[in-house]
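Below is one structure, written out as structure tokens; the observations come after it.
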There are 2 protein chains.
Amino acid sequence: MKKKTKHPSIKDVAKEAGVAISTVSNVINETRFVKEEISNKVLKAIKKLNYRPNIIARGLRTKSTKTVSIILPDIGSPFFAQVIKGMEEVARNRGYTLILGCTFYNIEEEERQMNVLLDKLIDGLIFFCGYDKYEHIKKINDQKIPVVVIDREIDDPNIPSVMINNTLAMETAVDYLCSFNHREIGYLTFSFENQTTVRNRYIGYCNGLKKNKISYNPKFVIIDDSVRLNEIEGTYNIVKKFLENGEKIPTAFITMADFFAYGLIKALKEKGYRIPRDVSIIGFDNIIFSGFVDPPLTTVKQPKKLMGSTAMNLLLDIVEGREVKEKNIILPTEIIERGSVGPPG
Amino acid sequence: MKKKTKHPSIKDVAKEAGVAISTVSNVINETRFVKEEISNKVLKAIKKLNYRPNIIARGLRTKSTKTVSIILPDIGSPFFAQVIKGMEEVARNRGYTLILGCTFYNIEEEERQMNVLLDKLIDGLIFFCGYDKYEHIKKINDQKIPVVVIDREIDDPNIPSVMINNTLAMETAVDYLCSFNHREIGYLTFSFENQTTVRNRYIGYCNGLKKNKISYNPKFVIIDDSVRLNEIEGTYNIVKKFLENGEKIPTAFITMADFFAYGLIKALKEKGYRIPRDVSIIGFDNIIFSGFVDPPLTTVKQPKKLMGSTAMNLLLDIVEGREVKEKNIILPTEIIERGSVGPPG
DNA sequence: TATTTTAATAAAAACGTTTTTATGATATTA
DNA sequence: TAATATCATAAAAACGTTTTTATTAAAATA
């Protein structure tokens with residue numbers, strides 16, 4: 001076992017400066033007035049020993065480690081990455097560090113991770129996306145441990161949350177396609193048993209159809225969970241098979257996430273379909289790459305960084321006991337028009 | 001300030017079970033034999049109170065928090081995300097949690113983040129990619145704080161590291177293009193003053209040219225730092241301007257990272273160039289999207305997950321005092337052939 | 001049986017902080 | 001001048017663990 005050279009402790013500083021431990025603490029935290037002469041001695045000792053207080057030991061006493069953690073299903077997704085970027089910036093500016101816990105879309109893992117992190121005396125917790133189980137979140141929220149849920153629609157308004165209106169956003173996507181006179185609209189999605197977000201988007205799709213007097217065609221709905229693992233290849237294969245089976249294809253597709261669209265586009269183009277001339281596509285998320293596929297993807301933009309910063313600010317406000325006006329925040333979405341949607345050929 | 005409902009401590013368990021604190025500790029850690037009868041009482045009390053030891057307090061005593069942290073320049077990059085995924089898996093399996101620190105390509109930030117994390121009693125540290133300054137890394141490595149550097153070529157063999165041979169890999173890319181009879185080969189890169197990785201790839205490019213008896217043409221080297229911020233748009237604009245200036249363009253491009261290729265492809269296609277018929281492109285990294293641009297990108301693959309898992313295993317071996325056979329590990333790269341390279345038209 | 005060894009548990013110290021309480025000097029008041 | 005208030009600092013307690021040392025009871029030995 002490698003042995004670390006011992007870091008100087010507050011005791012060492014006190015000895016070096018010839019004062020009491022508490023005086024050093026008072027100088028560091030400015031909790032009491034300390035005569036300039038003594039204060040200077042302490043400061044000098046701190047500098048000389050290159051002392052920095054041990055946050056952990058401090059946390060043991062103060063119950064705050066200035067650390068918040070984020071539990072999310074997948075660290076490899078550019079969508080999450082952007083949201084986290086928004087969080088990170090806020091956290092850093094407000095003096096907190098971030099711990100990431102990753103569940104890899106394993107439901108049980110979420111609670112386990114939560115416990116592991118809680119053991120480390122974190123000040124607060126952000127839960128990302130989700131599964132429909134949230135008893136554990138309710139529980140710790142009831143225990144007054146600061147929690148914010150992001151990207152998951154929870155029916156308990158006591159749990160602070162930041163989200164978009166998935167149903168409405170997806171309805172807008174249908175409307176948008178209909179404004180181009182599409183009447184046959186396919187839908188690519190995760191399976192939606194366990195995830196409200198996924199389900200609500202699907203509901204939005206259905207609502208949109210109804211609203212535009214289009215009858216629902218189950219053959220146009222393709223379910224694909226490979227994307228969860230960032231395996232675009234999976235979507236590509238599924239769509240390819242779909243096309244090879246000689247299924248009738250709709251004049252337009254909505255994908256529940258941009259990721260689906262990449263595989264979809266590739267498969268369609270390989271089979272000779274031109275986009276948007278033969279098939280229109282609208283995605284969801286507006287991931288950075290969507291502007292660089294061919295054709296560039298029209299998509300429903302989620303305000304990713306804003307979601308992140310909003311959630312982190314909300315959490316830290318709660319952690320620090322500030323007043324929060326609204327603890328269930330809904331952020332707007334927006335359609336980014338690029339080149340993948342046009343009138344049906 | 002919201003007040004948390006107090007978590008039960010080991011003291012509460014001891015009282016509940018009617019034994020001494022140390023006995024509880026012995027039961028939990030199996031440090032001493034405890035009679036089954038007493039042990040059962042303790043276990044029951046633990047269960048009843050839903051007690052979990054406070055890792056922080058434990059860490060204060062044992063000097064280990066079972067936490068390692070990763071300092072990286074950008075959390076939003078799919079390349080890093082994949083590497084981190086590899087790390088996360090290993091860390092989790094070996095019972096550690098991860099803290100991420102993000103520097104956003106700010107050199108000063110790296111040392112600051114390092115100090116912040118060190119204050120939290122982490123067991124070890126992985127530094128990602130890099131800048132040429134590494135006195136601070138040397139310093140803490142000398143202090144026997146376990147460190148591993150990844151994706152940065154450091155000339156000090158005392159610092160454990162995991163990397164690829166960037167020079168060689170890039171040379172291979174040149175060879176590959178030459179095998180298609182390309183003689184005019186452009187190069188897209190970050191500016192390379194401060195980053196050995198970037199510079200070494202460039203050197204590989206130059207070596208490759210020399211080896212294949214191609215004279216170096218500075219006009220073919222495009223420097224673009226926008227990609228650092230994941231702004232593919234930036235590359236697109238630079239290349240577009242390049243093309244509009246009527247510059248002669250090479251028959252093939254190498255990009256130092258796949259990200260450049262996306263903007264490059266878009267700009268070229270907009271100006272009517274066909275890929276690979278008019279211009280061939282080979283990237284570097286093999287990011288997931290590279291299989292889904294049009295044409296699919298031929299690229300030099302970095303073994304991202306393997307790099308991550310290797311680095312984490314190396315770090316934890318050091319942390320746990322295991323013997324490490326080789327502390328400067330070089331992993332192989334490989335050319336992934338897709339559709340963006342062909343013979344010059 | 002008296003003494004020593006061993007086993008099991010309890011008590012206390014330690015980790016590095018902050019915070020509360022105690023101390024002693026100085027300044028203020030009666 | 002004696003009593004009191006204030007100020008600056010020191011000492012001690014606390015946070016929740018692990019680890020070291022002490023204690024007690026039982027078992028083994030002489």
Side-chain angles (χ1 to χ4, degrees), chain A residues 1 3-43 45-46 49-67 116 118-123, chain B residues 1 3-43 45-46 49-67 116 118-123:
Chain A
M1 182 83 165
K3 195 116 159 264
K4 304 174 188 176
T5 58
K6 209 177 139 293
H7 226 61
S9 77
I10 195 169
K11 205 192 281 182
D12 301 318
V13 175
K15 192 183 288 175
E16 170 75 29
V19 302
I21 290 177
S22 48
T23 303
V24 177
S25 174
N26 285 330
V27 170
I28 292 170
N29 304 301
E30 300 182 346
T31 31
R32 269 176 172 35
F33 180 81
V34 177
K35 265 203 221 145
E36 195 168 348
E37 185 200 338
I38 303 235
S39 169
N40 281 340
K41 269 201 297 187
V42 171
L43 258 18
I46 288 178
L49 299 181
N50 192 24
Y51 166 78
R52 285 198 322 275
N54 177 327
I55 305 289
I56 297 297
R58 173 184 290 167
L60 195 57
R61 187 68 236 237
T62 61
K63 301 289 178 217
S64 162
T65 50
K66 292 279 183 185
T67 305
V116 169
L118 249 31
D119 287 345
K120 304 213 173 178
L121 277 192
I122 53 170
D123 294 352
Chain B
M1 184 80 164
K3 195 114 158 265
K4 303 174 191 178
T5 57
K6 205 177 140 294
H7 227 61
S9 77
I10 196 171
K11 207 192 279 179
D12 301 318
V13 175
K15 194 185 289 175
E16 171 74 28
V19 301
I21 290 177
S22 48
T23 304
V24 177
S25 175
N26 285 330
V27 170
I28 292 171
N29 303 302
E30 301 182 346
T31 30
R32 268 177 172 36
F33 180 80
V34 178
K35 266 205 220 141
E36 196 168 350
E37 186 198 337
I38 304 233
S39 170
N40 281 340
K41 271 200 298 185
V42 171
L43 259 18
I46 288 177
L49 299 180
N50 192 25
Y51 166 78
R52 286 198 320 277
N54 178 327
I55 305 289
I56 297 299
R58 172 182 292 167
L60 196 56
R61 187 69 236 237
T62 62
K63 301 289 179 220
S64 163
T65 51
K66 292 279 182 185
T67 306
V116 169
L118 249 31
D119 287 345
K120 305 212 173 179
L121 276 192
I122 52 169
D123 294 351

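In what follows, chains carry the letters A, B, and so on, assigned in the order in which the sequence lines appear, proteins first and then strands, with residues in each chain numbered from 1.
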Problem set entry | Listed nucleotide nearest any side-chain atom of Ser22(A), set dC15(C), dA11(D), dT18(C) | dA11(D)
Exercise. Are the side chains of Val13(A) and Glu16(A) in touch, meaning some heavy atoms are under 4.5 Å apart?
Worked result: no
For this session: Please round to 10 degrees the angle between the axis of the first five pairs and the axis of the last five pairs in the helix from dT1(C)-dA30(D) to dA30(C)-dT1(D).
Result: 70°
Exercise. Looking across every strand, which nucleic acid part, if any, lies under 4.0 Å from Thr62(A) by heavy atom: base, sugar-phosphate, or nothing?
Worked result: sugar-phosphate
For this session: Ignoring the backbone of Leu60(B), work out which of dT18(C), dC15(C), dA10(C) is nearest its side chain.
Result: dC15(C)
Exercise. Under a 4.0 Å heavy-atom cut-off, which of residues 50-57 of chain A touch DNA chain C?
Worked result: Tyr51(A), Arg52(A), Pro53(A), Asn54(A), Ala57(A)
What are the atom names and distances for every N/O pair under 3.5 Å that joins the protein to nucleotides 21-28 of chain D?
unit_1  : atom_1 : unit_2   : atom_2 : d
dT21(D) : O4     : Arg32(B) : NH2    : 3.4

Problem set entry | Atom-to-atom span, CD of Glu36(B) to P of dA8(C) - whole angstrom | 13 Å
Problem set entry | Closest nucleotide among dT18(D), dT9(D), dT18(C) to the Thr23(A) side chain | dT9(D)
Exercise. With respect to the side chain of Thr31(B), which nucleotide from dG16(D), dT18(C), dT19(D) is positioned closest?
Worked result: dT19(D)
Exercise. What residues form a side-chain contact (heavy atoms from CB on, under 4.5 Å) with Arg52(B), not counting sequence neighbours?
Worked result: Asn115(A), Leu118(A), Asp119(A), His7(B)
Problem set entry | Closest nucleotide among dT18(C), dT18(D), dG16(D) to the Arg61(B) side chain | dT18(D)
Report, one line per pair, each donor and acceptor closer than 3.5 Å where one atom sits in a side chain of residues 34-42 of chain A; sequence neighbours left out.
unit_1   : atom_1 : unit_2   : atom_2 : d
Asn40(A) : ND2    : Glu36(A) : O      : 3.4

Problem set entry | Partners passing side-chain hydrogen bond (donor to acceptor under 3.5 Å, both in side chains) against Asn54(B) (at least two apart in sequence or in another chain) | none
Donor-acceptor contacts under 3.5 Å from residues 19-30 of chain A side chains, at least two apart:
unit_1   : atom_1 : unit_2   : atom_2 : d
Ser25(A) : OG     : Asn29(A) : ND2    : 3.3
Asn26(A) : OD1    : Thr31(A) : OG1    : 2.7
Asn26(A) : ND2    : Ser22(A) : O      : 3.2
Asn29(A) : ND2    : Ser25(A) : O      : 3.1

Problem set entry | Nearest listed nucleotide, side chain of Ile21(B), among dT18(D), dT17(C), dT18(C) | dT18(D)
